[in-house]
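The structure appears below as structure tokens.
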There are 2 protein chains.
Amino acid sequence: MSFMHESAVTASDKAFFRLRKEIVEGDIPAGSKLSEMELSTKYEVSRAVVREAINRLEACHLVERRPNVGARVVSLSEEGLMELYQVREALEGMAARLAAQHMPDEEIAKLNSLLNEQFDEVKGGESYYQEAGDLDFHYRIIVGSQNQQLIAMLSNGIYHLARMYRVQLGMAGPRVTTAYDEHKHIVRAIANRDAELAEMLMRRHIQYSKNNIATKLTKQHQS
Amino acid sequence: MSFMHESAVTASDKAFFRLRKEIVEGDIPAGSKLSEMELSTKYEVSRAVVREAINRLEACHLVERRPNVGARVVSLSEEGLMELYQVREALEGMAARLAAQHMPDEEIAKLNSLLNEQFDEVKGGESYYQEAGDLDFHYRIIVGSQNQQLIAMLSNGIYHLARMYRVQLGMAGPRVTTAYDEHKHIVRAIANRDAELAEMLMRRHIQYSKNNIATKLTKQHQS
DNA sequence: CCGGACCAGATTGTCGACAATTTATAATAT
DNA sequence: ATATTATAAATTGTCGACAATCTGGTCCGG
């Protein structure tokens, strides 16, 4: 991921990034308890920095904390995932609308060329960049909205939770080429400065992903 | 505010609530620096609890923090307010849609009777409950969505920032009775389980508020 | 045998002190 | 006089220790 450069200056930052990574990747299982002492010995830092890291994780909705009891990694559920998709639909739909209004022409051009690169890779059968490319696409549109609140919410909060679901419920879907076309349409709407259409297409795009995963999950239930 | 009962169990909670109140009400001016030492002597607690409180404020987007430098209260701007309304439009629109799908009948009935009470008060000329009533209305719909992510985002985050803008840029608008009608329509759509319409009406409702305030602000510029 | 009070262990919350970094001030050289 | 560097003050970051609270088990009474 070349974008989203977060630089760790303080020790709490490093602990926060590391902890977040381990939670998202599943090295620390979902639903497990986070002991401050344990982590402080494991990371070789004081409890204070672990506490601060955990507090930040809580702000991202990656852990839940109860006073005088402790913090637990959030537990993943099907409903939770559906709820997350609903929030994404609302926010990213608005982001697409705003991007159609505010995104600079040159940024749109870059987004377009990015899609063309991805097209070649998809044609070449390299699903390697699939996830990264998808993330990059969505991220650029979010930034293109030029709404700071929106950008903060999505990149600090929802992004990592969504990734956690994707990694741990393991969903690298066969929706690659289909999603590519949808991306193309969205960019075209943005380039045409058609805010209404851009929002609608983005919302549909996310709804499709949601439905795709929902059916996949119910199939898992049957087997 | 009878709803949204946050109970302060720990000292950090109390410090957080107090600080938040003082920031939202403007007792601590927007854009001002937050000195940890100063606050710890003022509140008669250790710096650690002040730090934790400030961290939580940061998660609410009420303060911005820079490593090794310190925390400042966010500064209010017209663009910031417009951005906030855009986010609210997206999220509360989705909340209304979901409420139309998931809100229990009895909750809808309660919401309806609440509106009737407010109607009497509005007719009686008591704009006293105006803001509280509006907040209560929106809050109930958000809860009615039964989407935990959405509820957390709006009630922990955006709610207080919106209130801060309302208090400090002083906008108790003459939109009372108009807004009341809009509320009525929204509830009717929810009661009819018309998700599409509920979302559209809620979004329009928030757009109207936004436009109302935008024109009011430009008038202030002229004078 | 079951339920409640009580006690020990462990965990979180809070504190004051020290270390690291930034900011303000003053001195020096050009 | 201005710019640059060095120094001092103040602020934030980090640490270890103590206090408050929760958890689990044990004991006692019913």
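All values reported here derive from a predicted model rather than from experimental measurement. Convention: sequence-line order gives letters A, B, ...; per-chain numbering from 1. Atoms considered below: every heavy atom in the structure, side chains included; atoms not considered: hydrogens, waters and symmetry mates.
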Restricting to nitrogen or oxygen on both sides, can you table the protein-nucleotides 11-16 of chain D pairs closer than 3.5 Å?
{"from": "D:dT12", "atom 1": "OP1", "to": "B:K33", "atom 2": "NZ", "distance (Å)": "3.1"}
{"from": "D:dT12", "atom 1": "OP2", "to": "B:E36", "atom 2": "N", "distance (Å)": "3.4"}
{"from": "D:dG13", "atom 1": "OP1", "to": "B:N68", "atom 2": "N", "distance (Å)": "3.2"}
{"from": "D:dG13", "atom 1": "OP2", "to": "B:R51", "atom 2": "NH1", "distance (Å)": "2.2"}
{"from": "D:dG13", "atom 1": "OP2", "to": "B:R51", "atom 2": "NH2", "distance (Å)": "3.0"}
{"from": "D:dG13", "atom 1": "O3'", "to": "A:T10", "atom 2": "OG1", "distance (Å)": "2.9"}
{"from": "D:dG13", "atom 1": "N7", "to": "B:R47", "atom 2": "NH2", "distance (Å)": "2.8"}
{"from": "D:dG13", "atom 1": "O6", "to": "B:R47", "atom 2": "NH1", "distance (Å)": "2.9"}
{"from": "D:dT14", "atom 1": "OP1", "to": "A:T10", "atom 2": "OG1", "distance (Å)": "2.5"}
{"from": "D:dT14", "atom 1": "OP1", "to": "A:A11", "atom 2": "N", "distance (Å)": "2.4"}
{"from": "D:dT14", "atom 1": "OP2", "to": "A:T10", "atom 2": "OG1", "distance (Å)": "2.9"}
{"from": "D:dT14", "atom 1": "OP2", "to": "A:S12", "atom 2": "OG", "distance (Å)": "3.0"}
{"from": "D:dC15", "atom 1": "OP2", "to": "A:S46", "atom 2": "N", "distance (Å)": "2.7"}

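A centroid separation of 6.0 Å or more is found between the aromatic rings of B:H61 and B:H160.
One finds the NZ atom of B:K42 at 7.5 Å from the CG atom of B:L19 (value rounded to the nearest 0.5 Å).
Salt-bridge check for A:K14 with A:E44: failed, with every basic side-chain N at 4.0 Å or more from each acidic carboxylate O.
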| request: Check the pair B:E89, B:R203 against salt bridge (charged side-chain N to carboxylate O under 4.0 Å, His left out), reporting the backbone distance first and the verdict last. | output: CA-CA 5 Å; B:E89 181 186 329; B:R203 290 184 65 158; 3.0 Å; yes

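Heavy atoms only, all atoms of each residue included: B:G80 and B:S77 are closest at N-OG, 2.9 Å.
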